[in-house]
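First up is the structure itself, then whatever we jot down about it.
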Amino acid sequence: MTVRPATALLVVGDVVTDVVARHRGPLAAGTDTVASIRRVPGGAGANVACWAAWAGHADVRLLGRVGADAADWHARELAESGVRPLLVVDASAPTGTVVCLVDTGDSAERTFLTDSGASLRIGPDDWSDALLDGVAHLHLSGYLLFAEPSRALASVALAAARARGVPVSLDPASAGFLAGLGVDRFLRLVEGVEVLLPSRDEACLLTGLPDTADAAAKLSRQFPSVVVKQGVEGALVARAGAVRAAIPAVPASPRDSTGAGDAFTGAFLAALLEGATPEGAAAAGCGAGAAAVEEVGGRPPRAADR
């Protein structure tokens, strides 16, 4: 019997509903601020999966937990983006919701108000080692580490992947939540991860170093491959205690920076699975990040809109 080579990317992470409010200038405290408001599918894990499919990877799967209130909608949105949804429906909690406040000025900077809902209630009972059948790479959203059930799931999934020889990547996801969890605890939890994809703030927080390049180099002494996302300054690729490449950003006209880091990660992983070097994959990630900031919300444009 012919055994098919493993090619799939399995992403385990959050699936949430984003309420994106785009305003210009400071919020007017205690009164009204004019805004354009849209409800769109989101979640760091789900966004990564969708951007990996957008970047051309043919077999992308997503394990996440949603409430019954929006399960069908999220499954449909994922499938239409080229992702195979593996969604657990929570009978007790609603789908997570994130309110994204986006300043439509030059920076398109955003602020999140997060209600994780069902997304962080995912746990070990939702995992089966059979989920790794046909999987060439496992990606874990860092948001999994910020609640006890999902933290336990991340540990089980990481152990299962290591037992099968499946490489694992992780995006720390949130400097704020990371600070609350604690750096030492985070580093213990992610031991065995092959590819770490922090933002500049997360890399500096994890190392206590103010310089991003120094932080990337230090992290690469603990993780085989480190790629630090720097937004408009591109990305740094570090291995074996040294920065090996600085990848320039791709010029863009920003509308909404929500999901730009997720876009980078998804395209990076897709390129890596197609045989690109980490440097080449980071360049693909920068291209996706540029495309992401020109869209409202954290998901890629549909094929019909490209």
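Values below: every heavy atom of this structure, side chains too, minus hydrogens, waters and symmetry copies. No experiment lies behind these values; they were computed from the predicted model shown.
- A 6.0 Å sphere centred on CZ of R244 holds more than 12 heavy atoms belonging to other residues, nucleotides or ligands.
- Atom OG1 of T7 and atom CG of D59 lie 5.0 Å apart (nearest 0.5 Å).
- No donor-acceptor distance shorter than 3.5 angstrom exists from the side chain of S141 to the backbone of L144, with no hydrogens or angles considered.
- The two residues L138 and V166 have their closest heavy-atom pair at N-CG1, 3.8 Å.
- Rounding to the nearest 0.5 Å places OG1 of T104 at 6.0 Å from CZ of R22.
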**OP:** Walk me through it: do W54 and S81 pass the test side chain to side chain contact (heavy atoms under 4.5 Å, CB included)?
**Re:** CA-CA 7 Å; W54 176 88; S81 293; over 6 Å; no
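- A continuous path of hydrophobic side-chain contacts links V99 to L27 [ILVMFWY only; heavy atoms under 4.5 Å].
- Of the possible polar contacts, none joining the S220 side chain to the F223 backbone as a donor-acceptor pair under 3.5 Å is found.
- Within the 3.5 Å criterion, the main-chain N or O of A252 finds no donor-acceptor partner in the side chain of E294.
- Counting heavy-atom neighbours within 6.0 Å of E148 CD, excluding the residue itself, gives a total above 12.
- Within the 4.5 Å cutoff, the side chain of L132 has heavy atoms near those of the W127 side chain.
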**OP:** Begin with the C-alpha distance, continue with both residues' side-chain angles, and end with the deciding distance and a verdict on side chain to side chain contact (heavy atoms under 4.5 Å, CB included) for S225 and E194.
**Re:** CA-CA 6 Å; S225 184; E194 282 87 354; over 6 Å; no
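- Hydrophobic cluster membership is shared by V60 and V15, with clusters built from Ile, Leu, Val, Met, Phe, Trp and Tyr side chains linked at under 4.5 angstrom.
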**OP:** Starting from the C-alpha separation in whole Å, work towards a yes-or-no answer on side chain to side chain contact (heavy atoms under 4.5 Å, CB included) for L62 and L86.
**Re:** CA-CA 6 Å; L62 174 75; L86 306 170; over 6 Å; no
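- Counting heavy atoms from C-beta outward, L10 and L131 have side chains that approach closer than 4.5 Å.
- Between A216 and V228 the shortest heavy-atom distance is CB-CG2, 3.6 Å.
- Residues L269 and W51 form no side-chain contact, since every pair of their non-hydrogen atoms from C-beta on lies 4.5 Å or further apart.
- Side-chain contact between L187 and E191: absent, with no pair of heavy atoms (C-beta onward) separated by less than 4.5 Å.
- Side-chain atoms of S119 never come within 3.5 Å of backbone atoms of D14 as a donor-acceptor pair (strictly under, hydrogens ignored).
- Neither V48 nor F146 shares a network with the other; the hydrophobic side chains, linked directly or stepwise wherever heavy atoms of I, L, V, M, F, W or Y lie under 4.5 Å apart, form separate groups for each.
- Side-chain N or O atoms of E233 include none that pairs as donor or acceptor with a backbone N or O of Q230 at under 3.5 Å.
- Counting only heavy atoms from C-beta outward, the side chains of D103 and H23 approach each other to under 4.5 Å.
- Judged by distance alone, the side chain of R84 and the main-chain N or O of R61 form no donor-acceptor pair under 3.5 Å.
- S92 is listed as a side-chain neighbour of R121, based on a closest heavy-atom distance under 4.5 Å.
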Subject >> Verdict with reasoning, T95 to D69, per side-chain hydrogen bond (donor to acceptor under 3.5 Å, both in side chains) >> reply: CA-CA 7 Å; T95 301; D69 57 312; 3.1 Å; yes
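- With values rounded to the nearest 0.5 angstrom, F177 atom CZ is found 5.0 Å from T114 atom OG1.
- In this structure, the separation between CD on Q222 and OG1 on T207 is 11.0 Å, given to the nearest 0.5 Å.
- In this structure, F268 and F264 have parallel ring planes: the angle between them is below the 30° cut-off, well short of the 60° mark.
- Two different hydrophobic clusters hold V135 and L272 under the rule that ILVMFWY side chains link at heavy-atom gaps under 4.5 Å.
- Closest heavy-atom contact between P172 and L197: CD-O, 3.6 Å.
- Note: the hydrophobic cluster containing V195 does not contain L178 (ILVMFWY, side chain heavy atoms under 4.5 Å, direct or indirect links).
- More than 12 heavy-atom neighbours from other residues, nucleotides or ligands sit within 6.0 angstrom of CG on D211.
- Under the 4.0 Å criterion applied to side-chain N and carboxylate O atoms, R299 and E80 are not assigned as salt-bridge partners.
- Between V34 and R24, the closest side-chain pair of non-hydrogen atoms is not below 4.5 Å.
- Here the closest non-hydrogen pair linking L63 and V88 is CD1-CG2, 4.3 Å.
- In summary, of the residues considered (L170, N47, V11, D171), a side-chain contact (heavy atoms from CB on, under 4.5 Å) with T265 occurs for D171 alone.
- Within the 4.5 Å cutoff, the side chain of V190 has no heavy atoms near those of the L158 side chain.
- Between D126 and R65 there is a salt bridge, since a side-chain N of the basic residue sits under 4.0 Å from a carboxylate O of the acidic one.
- Using a 4.0 Å cut-off between charged nitrogen and carboxylate oxygen, K229 and D201 do not count as a salt-bridge pair.
- Heavy atoms from other residues, nucleotides or ligands lying under 6.0 Å from CZ of R164 number more than 12.
- Nearest heavy atom pair, residue A35 against residue A21, reads CB-CB, 4.5 Å.
- Rounding to the nearest 0.5 angstrom, the gap separating the CG atom in L87 from the CG atom in L78 is 6.0 Å.
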Original post:
Between T17 and H74, does a side-chain hydrogen bond (donor to acceptor under 3.5 Å, both in side chains) hold up when you go through it step by step?
Top reply: CA-CA 8 Å; T17 299; H74 277 291; 3.0 Å; yes
**OP:** I would like to know whether L209 and C204 meet side chain to side chain contact (heavy atoms under 4.5 Å, CB included); could you show each step before the answer?
**Re:** CA-CA 5 Å; L209 298 174; C204 292; 5.9 Å; no
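- The heavy-atom pair separating A179 from L205 by the smallest distance is N-CD2, 3.8 Å.
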